[in-house]
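Every chain is numbered from 1 and lettered A, B, ... according to where its sequence line falls, protein lines coming before strand lines. Scope of the values below: all heavy atoms of this structure, side chains included, with no hydrogens, waters or symmetry mates.
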Amino acid sequence: MSPPEPLESPTHFIRTRIRKEVESGQYEQVVTRFPPEPNGYLHIGHAKSIVLNFAMAAEFGGYTNLRFDDTNPAREEQRFIDAIKEDVSWLGYRWQNECHASDYFETLYEYALSLIDNGLAYVDEQDGDRIREQRGSLTEPGTNSPYRDRSAAESRELFERMRAGDLADGACVLRAKIDMAAPNINLRDPVIYRIRHQSHPRTGNDWCIYPSYDFAHGQSDAIEHITHSLCTLEFEDHRPLYDWLIEHLPVPSRPIQIEFARLNIDFTVLSKRRLTRLVEEGYVDGWDDPRMPTLAGLRRRGFTPQAIRNFCTEIGVTKSESVIPYGVLERNLRDDLNARAPRRMAVLRPLKVVLTNFPEGEIEWLEAANHPQDPEQGSRKVPISREIWIEHDDFMEQAPRKFFRLKPGGEVRLRNAFIIQCNEVIKDSAGNLVELHCSFDTESRSGQPGADRKVKGTIHWVSALHAVEAEVRLYDRLFRVPNPSANKEVDFVEHINPDSLETLADARLEPGLDQAVAGQLFQFERLGYFVPDPATSPEQPVFNRAVTLRDTWAKLEKALA
RNA sequence: AGGGACGUCGCCAAGUUGGUUAAGGCACGGGGUUUUGAUCCCCGCAUUCGCAGGUUCGAGUCCUGCCGUCCCUGCCA
C-alpha cells in the first residue's frame, strides 16, 4: 500500500491566470522564485509559498530559483542560508539556480545611477526623523524634501561618495523621486539605498551601501527573468512601486507581481519576529523544537514532506485571509503516515500484568502484521512471556458502561496474542494499584479458531522480559489561545501553554525499537505516530510523538463526563 | 485626501463571458466492516452566496449604496 496520491491540485486564481497567459502565448515558460531573507528559519507559511512557486513553474514547463533576499546585512547570517537550503531540499524541491540579491549589487548600483541621471532619484541628506515627518500621514499628503530638486550631477556625486564609504551610516539616503502627495505612501519618494557600514555574509566589506527591499526585489526578478513574482498580500501596496521601477530601469525583462494571502494557523504564531523571540528567549529548545511550526521543528516532530505538501495544496491559494485549524495540519500527517508507517506496540504508562496460567520462564513468539491493510509490509515475531506491560489507561477498576477495555472480572483481547481475563487486582498497603493477575484463554491465540470469539476491546502490550525502556516526549500546542497575537496589549508569550511538552521517562517499547534511527516513522498501535528523536540511541532510546490517532473514545468519554 | 484588498455552510474553497438543482475537502451526525474505540465503506449536511436596493425572462456572478475585517506613515522584508 503506497501513500495516497497527492490530492489533485484544486484550481486557484493564480493558476487560472497563468494558464490563460500561457495559452495565449504570452510566455514560453513560467519562471518563479522563492525569495527568503536569511534571517531565520523557514516555517510552514513559507512552505505554502514554496509549494506554490515550484508547482506553478513545474506545471507550465519552467523552473524555480532559490533566491536569498540578502539586502540587510544587519540581520542576515550564513547559518540561516544553510538551514533554508536544507529545508527546501527536505521538502522535496530542487531549485534551478541558487541566487542572492547580493549577486546583483553592482548591477543594482548601476540601475540607481541611471535613475539619478534621469532625474528620477536624489540623495536626501535629512535624517530619518525628518524624512518621516515629511512623509505625511495616512490622510495627509507629504511634503517635498529640500534636497528633492537638487541636480542629478550633485546626487550622482553624493551617491558615489556613499558607495566609496565617505559618509557615515544615516548621513543620507538615495530616494526615488515619485510623488510626495501620492495616496499610496510607498510612492512618497521611497528610500531605495541606505548606508550601512556592516559586513555582509556574502559580499563581506565590499559594500557599505545596501539597496532596500523595494529596489532589490523586482530588479532581481527581472535580472533572473522571473515571469511571475508571487508574494503575500502585504506587498500589494508595493506593486505600483514595483512596476514603476521596472518601467523606469533598463532591466532585461518585465516580471509580474501577484499577491496571495499568507497562511495562518490557529494556536500558533507564524511570524519570523515572534519565532525568533521564542528561540532567543528560551521558550523553546531552538529552531527545531518539535513544538515550533518551523520546517525543522516539524521534521523533528515527525512530519513528512509529503504531509506538508498535501497540507499546502489542500488549503488552497486565495486573496482572502483565512485561519486554518491546527487539526488540519495534523490530519494530513495522519493520512500520510497511516498509509505507510509500520505498526509497533509500545506502552507509554506501564501497568504490570501477570499471566497466571502462562508457564514460568517460557517465551512464545507471536506473528504480528506490520500493517493491517498492507500485506506487502510483511510481519514480525513478537515475544510474550508471563509478565507483560499494558497501558495504565486500559484498566479501570470502576469502569463506565461504554468502557471496552480491562476491568475486574472482564475480558479483553491482547493485540496479536490472545484473550485475557482480569482475575485479581493487586494493591500495596497504601491502596495503590501494583499489578493485575490475569488468566489467558489458551484457545484464543491469533490464527486459531478460538480467536474468533468476540470481545469488546483489544489492547496493546509489551513483554516485560523483552521491553525496551525509553523516554517518550508528548507534545501539545505551544499556545493556549487560538490567536496568540490578537491582542496587541498582551505579549504573545503570555499565552504559551505550560504543558506543551510532557516527558514520559518510563515507556516500554516492543523489542527492536531501540535500533530505530531518526527519520523512521512508526505507528504505536492505538496511540499515534512516533518518531525517534535525533538524540535517540540504542542505550537511551528517545521517541517523539508526532500526532495521536483519532480518538473517538476520548471524545465520547468527555461527552459522558 | 487617504489608499489598497477581502467578505459563498462551523473551517477551508470551487464557482467559465449572468442561464435553469450553489463543486469538493475538513469538521460534524447516522449506519456498516474491523484482533488498533485507528483505517476503510455508505448516507446526511447552504431554497442560499455580508446587508439593502436596482438592471434582467433570469444574478453568487452586472450597477448603486451601506456594513464588517485585514494591510499601509522602517534608512525591515
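Judged as a side chain to side chain contact (heavy atoms under 4.5 Å, CB included), and not counting sequence neighbours, the contacts of A/Val328 are A/Phe311, A/Glu314, A/Ile324, A/Pro325, A/Arg331, A/Asn332.
Rounded to an integer number of Å, the gap from A/Phe260 CZ to B/rC12 P is 17 Å. The CG-C1' distance, from A/Asn186 to B/rU73, rounds to 10 Å in whole Å. The CG atom of A/Leu414 sits 13 Å away from the C1' atom of B/rU36 (whole-angstrom rounding). Atom pair A/Ile390:CD1 and B/rU36:P shows a separation of 17 Å (rounding to whole Å applied). Taking atom CG of A/Leu241 as the reference point, atom P of B/rC71 lies 21 Å away to the nearest angstrom. Summarising the geometry, the separation between CD1 on A/Ile185 and C1' on B/rC75 is reported as 16 Å, rounded to the nearest angstrom. For A/Arg188 and B/rA1, the CZ to P distance is 13 Å, given to the nearest whole Å.
A close approach under 4.0 Å does occur between a side-chain nitrogen or oxygen of A/Arg196 and OP1 or OP2 of B/rC76. For the pair A/Arg331 and B/rA38, the criterion of a side-chain N or O lying under 4.0 Å from OP1 or OP2 is not met. Look at A/Arg194 and you'll find a side-chain N or O under 4.0 angstrom from OP1 or OP2 of B/rA77. At B/rA77, one or more side-chain N or O atoms of A/Thr71 fall inside 4.0 Å of OP1 or OP2 (strictly under the cut-off). A close approach under 4.0 Å does not occur between any side-chain nitrogen or oxygen of A/Thr11 and OP1 or OP2 of B/rA14. Between A/Arg132 and the phosphate of B/rG74, there is a side-chain N or O to OP1/OP2 separation shorter than 4.0 Å. Of the side-chain N and O atoms in A/Arg344, none sit less than 4.0 angstrom from OP1 or OP2 of B/rU36. Applying the 4.0 Å criterion to OP1 and OP2 of B/rG37, one finds that A/Arg526 has a side-chain N or O inside that range.
When distances run from any side-chain atom of A/Asp69 to the nucleotides B/rU73, B/rU36, B/rA77, the shortest one goes to B/rA77. Distances were taken from every side-chain heavy atom of A/Thr552 (C-beta onward) to each of B/rA14, B/rA38, B/rU36; the shortest belongs to B/rA38. Comparing B/rA13, B/rA38, B/rU36 by their nearest atom to the side chain of A/Arg343 picks out B/rU36. Here the nucleotide nearest the side chain of A/Glu314, chosen from B/rG25, B/rG37, B/rC72, is B/rG25. Looking at the side chain of A/Leu549, the nearest of the listed nucleotides B/rU36, B/rG15, B/rC76 is B/rU36.
Separation of the P atoms belonging to B/rU33 and B/rA38 is 14 Å when rounded to the nearest angstrom. Separating the C1' atom of B/rU36 from that of B/rG44 is a span of 27 Å, rounded to the nearest Å. Taking the C1' atoms as reference points, B/rA59 lies 6 Å from B/rG18, given to the whole Å. With both ends at atom P, the span from B/rG25 to B/rU61 equals 26 Å, rounded to whole Å. Here the separation of B/rG7 from B/rC49, taken at their P atoms, is 15 Å to the nearest Å. Using C1' as the reference atom, B/rC43 and B/rC62 are 39 Å apart when rounded to the nearest Å.
At a threshold of 4.0 angstrom between heavy atoms, the contacts of A/Arg334 with the nucleic acid are absent. Residue A/Arg413 is in base contact, counting any heavy-atom pair closer than 4.0 Å across all strands shown. A/Glu259 comes within 4.0 angstrom of nothing in the nucleic acid, heavy atoms only. Counting non-hydrogen atoms under 4.0 angstrom, A/Tyr210 reaches nothing in the nucleic acid. Heavy atoms of A/Pro35 sit nowhere under 4.0 angstrom from any nucleic acid atom. Base contact: A/Ser137 has a heavy atom under 4.0 Å from a base atom. Here A/Lys555 lies in heavy-atom contact (under 4.0 Å) with sugar-phosphate atoms only. Within 4.0 Å of A/Val317, counting heavy atoms only, lie sugar-phosphate atoms of the nucleic acid but no base atom. Counting any heavy atom pair closer than 4.0 Å across all strands shown, A/Lys402 reaches a base atom. Across all strands, A/Phe403 comes closer than 4.0 Å to base atoms (heavy-atom distances). Nucleic acid contact class of A/Asp127 (heavy atoms, under 4.0 Å, all strands): base. Contacts of A/Glu140 with the nucleic acid, taken as non-hydrogen atoms under 4.0 Å apart, are absent. Residue contacts shown for A/Asp124 are absent, as no nucleic acid heavy atom lies under 4.0 Å away. A/Ile131 comes within contact range of at least one nucleobase, with a heavy-atom separation under 4.0 Å.
Here the side chains of A/Tyr529 and A/Val531 are not in contact, with every heavy-atom distance at 4.5 Å or above.
Aromatic pair A/Phe260/A/Phe13: ring centres not closer than 6.0 Å. Aromatic ring centroids of A/Tyr213 and A/Phe235 lie under 6.0 Å apart.
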Which letters describe nucleotides 3-11 of chain B, given B = protein heavy atom under 4.0 Å from base, S = only from sugar-phosphate, - = neither?
BSSS----S
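Look at B/rG7: its Watson-Crick or wobble partner, with both distances under 3.5 angstrom, is B/rC67.
For A/His238 against B/rA77, a side-chain N or O and a base N or O form a donor-acceptor pair under 3.5 Å.
Looking at A/Glu59 and A/Arg19, a side-chain N of the basic residue comes within less than 4.0 Å of a carboxylate O on the acidic one, giving a salt bridge.
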